[in-house]
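A quick write-up on the structure given underneath.
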Amino acid sequence: MSNARRLLLQFGASTWVWPLASTGSPLEARLVAVRMWPAQAYTRVTLESDQALSAKHSLAQHPDRLIIDIDGLSLSPELKELVAKLQPGDPYIAAVRVGQYRPRVVRLVFDLKQPVAPQVFTLAPVAAYKHRLVLDLYPVPELHKDPLLALIQEREAHARSAEQAASSVNDALGQWIQKLPQGASAPESKPTAPIEPTRQAPAGPLPKKIERLIVVALDPGHGGEDPGAIGPTGLREKDVVLSVAKQLRDRLLQEPQIRVLMTRDADYFVPLQERVRKARRVGADLFVSIHADAFIRPQARGASVFALADGAASSAAARWLADKENAADDVGGFNRVGLKDSTVLQVLADMSTTAQIKDSLSLGGEVLGQLGKVGRLHKPKVEQARFAVLKAPDIPSILVETAFISNPEEEAKLRDPDYQAELVQALAKGLLRHLAKRPVPPRSVS
């Protein structure tokens, strides 16, 4: 006879109570994993469990702290791992403390480096994830911050750093020449051509006269809780596309009239509509979303370029891929409850214009043509589908599938830095050729 049945007979059914603090109790959740995603945009803390959790949060000052009380949970080794996962470079969290506040209530205290605007919400099971409690620590909104001005200041900072480095080299060379004995001269050397960065030949003719700044929004897909597709040896799409996007940013910034917005520049998740909003806030002239997807058959291979479809998708495969990419918010973790202007955003997501699609097809054609010079194409023309991330009504937008990461050969190429450099050069050349053929119109002055 089991111990539970023996106790039930001894004390009666009405007095039987399952011990609340017992590990594995059906009344208590069991943590599966804890994860932290620090970034300048925001830091995310995720607690994944086999049952839904509920939490209350509050802020304290002097010093700044975020206090989270989680119901239905007891201290466990998995929860204590949260302290070890804190990274010194986290811009928002200085320290984490974990304790059993009350029976079945765990308290987390985050000592903060700066004030935050927290969002606490839950996510239902999806894909490989069970129930998730998500803590997003956002910076307190800065009033009157101009995102385009921030891009310009960043570009100027890069230029100043380069000038300072060149000046330091010249100063050192001058000091060395002054120290030479009189009558001596520096060793003769054959004249050499200026050193060009690897694979950074001019990608296309642009007007020499700068009529106005051109803003290109680069959108590395997935990130944070959403790894994207995963290759046969474990290469993650989110890592590959971030690497390619950063290299493409550096290449484009060599053009004096171009500024670059990255929808994410680190490993964190950005909702699809937020990616579009970021591009529109800086008045982006082009939007390029970079991916490396998977297919159910590992034989699928080749690069593809997609533009928005105003109606039906151009193929069943394009529609399937758009549905898959549009589900990223569910996997990455989107706080729909906190979205106050959901109606407005839905209207924005449903907007499209004939002119935007026409320009997007032109842009996609230039990029696809260049990608075909460095690798195999999956389809010889730009395809169309209703990708949520391409729905900015006033920005020519394309989604580039650089390769199928599910294909073993293409996964190996995507891991290769040399091949990534070839991809970057092809993408840059396609973008610059489009801008040369279709100059951006002057910005309206409001």
- line: Of Trp37, Tyr138, Tyr92, Tyr42, the one forming a ring pair (Phe, Tyr, Trp, His ring centres under 6.0 Å) with Tyr268 is Tyr42

task: Just do the side chain to side chain contact (heavy atoms under 4.5 Å, CB included) check on Gln425 and Glu422 with the steps written out, would you?
output: CA-CA 5 Å; Gln425 180 63 10; Glu422 292 178 1; 5.8 Å; no

field: Point-to-point distance, once rounded to the nearest 0.5 Å, from CD of Glu401 to CG of Asp293
entry: 4.5 Å

query: Are the side chain of Asn407 and the backbone N or O of Pro298 linked by a donor-acceptor pair below 3.5 Å?
result: yes

- prompt: Does the side chain of Gln40 come within less than 4.5 Å of Pro91's, by heavy atoms?
  reply: yes

Candidate pair Val215 and Val440, rule side chain to side chain contact (heavy atoms under 4.5 Å, CB included), full reasoning: CA-CA 10 Å; Val215 179; Val440 295; over 6 Å; no

- prompt: Asp226 side chain to His222 main-chain N or O, any donor-acceptor pair under 3.5 Å?
  reply: no

field: CG on Asp329 to CG on Leu272, rounded to 0.5 Å
entry: 4.0 Å

- prompt: Would you say the side-chain atoms of Tyr129 pair up with the backbone N or O of Glu225, donor to acceptor, closer than 3.5 Å?
  reply: yes

task: Assess whether side chain to side chain contact (heavy atoms under 4.5 Å, CB included) is satisfied between Leu363 and Val382, documenting all intermediate values.
output: CA-CA 9 Å; Leu363 170 62; Val382 179; over 6 Å; no

- prompt: Minimum heavy-atom separation for Pro139 to Gln114, with atom names?
  reply: CB-OE1, 4.2 Å

CG on Leu427 to CG on Leu371, rounded to 0.5 Å: 5.0 Å

query: So, the side chain of Thr402 versus the backbone of His291: is there a donor-acceptor pair under 3.5 Å, distance only?
result: yes

- prompt: Are Glu383 and Ser304 linked by a side-chain donor-acceptor pair shorter than 3.5 Å?
  reply: no

- request: Taking Glu237 for its side chain and Ala229 for its backbone only, find out whether a donor-acceptor pair lies under 3.5 Å.
  value: yes

- request: May I ask you to decide whether Glu411 forms a salt bridge with Arg415, counting only side-chain N to carboxylate O separations under 4.0 Å?
  value: yes

field: Any donor-acceptor N/O pair, Glu48 side chain to His131 backbone, under 3.5 Å
entry: no

- prompt: Distance from Ile93 atom CD1 to Leu112 atom CG, nearest 0.5 Å?
  reply: 7.5 Å

- line: All heavy atoms of Ala392 vs all of Val276, minimum pair found to be CB-CG1, 3.7 Å

- prompt: Would you say Val400 and Val288 make side-chain contact, with heavy atoms under 4.5 Å?
  reply: yes

message: Show the nearest heavy-atom pair for residues Val96 and Leu82, with the distance to one decimal.
response: CG1-CD2, 4.2 Å

Shortest non-hydrogen contact from Val389 toward Leu399: CG1-CD1, 4.1 Å

Heavy-atom side-chain proximity of Leu133 to Val120 below 4.5 angstrom: yes

query: If you draw a 6.0 Å radius around NZ in Lys358, do more than 12 non-hydrogen atoms from other residues or ligands fall strictly inside?
result: no

message: I want to check something: taking the side chain as every heavy atom from C-beta on, are Leu47 and Leu31 in contact at a cut-off of under 4.5 Å?
response: yes

Side chain to side chain contact (heavy atoms under 4.5 Å, CB included) assessment of Arg44 paired with Arg35: CA-CA 8 Å; Arg44 168 167 289 188; Arg35 294 179 291 274; over 6 Å; no

message: Quick check for you: to the nearest 0.5 Å, what is the distance between Arg259 atom CZ and Leu253 atom CG?
response: 7.5 Å

- request: With the side chain counted from C-beta on, respond yes when Val260 and Leu248 share a heavy-atom pair under 4.5 Å apart, and no when they do not.
  value: no

- prompt: Of all heavy-atom pairs between Ala294 and Phe404, which one has the smallest distance, and what is that distance?
  reply: C-CD2, 4.1 Å

- prompt: Given Glu366 and Ser362, is the side chain to side chain donor-acceptor pair (under 3.5 Å) satisfied, shown in steps?
  reply: CA-CA 7 Å; Glu366 293 290 351; Ser362 172; 5.5 Å; no

Ile258 side chain reached by Leu431 side chain, heavy atoms, under 4.5 Å: no

- prompt: Quick one: does Asp111's side chain have a donor or acceptor within less than 3.5 Å of a partner on Arg65's backbone?
  reply: no

- request: First locate atom CG of Asp310, then atom CZ of Arg386, and finally report the distance between them rounded to the nearest 0.5 Å.
  value: 6.5 Å

- request: Without swapping roles, check the side chain of Ser314 against the backbone of Gln384 for a donor-acceptor pair under 3.5 Å.
  value: yes

message: For the backbone of Ser397 and the side chain of Ser360, can you confirm whether one donor and one acceptor N or O come within less than 3.5 Å of each other?
response: yes

query: With a 4.5 Å heavy-atom cut-off, do Val270 and Met262 have their side chains touching?
result: no

field: Expected output: side-chain Arg376 to main-chain Ala403 donor-acceptor under 3.5 Å
entry: no

message: Which residue is it: Val45, Asp90, Ile67? I am looking for the one with a side-chain contact (heavy atoms from CB on, under 4.5 Å) to Phe110.
response: Val45

- request: Please name the pair of heavy atoms, one in Ser315 and one in Lys379, separated by the smallest distance, quoted to 0.1 Å.
  value: OG-NZ, 4.2 Å

Side-chain heavy-atom pair Pro220, Ile290 within 4.5 angstrom cut-off: no

- prompt: Looking at Phe306, Phe387, Phe295, which one forms a ring pair (Phe, Tyr, Trp, His ring centres under 6.0 Å) with Trp320?
  reply: Phe295

- prompt: Does the pair Glu410/Lys413 count as a salt bridge with the N-to-O cut at 4.0 Å?
  reply: no

message: Atom NZ of residue position Lys381 - does it have more than 12 heavy atoms of other residues, nucleotides or ligands inside 6.0 Å?
response: no

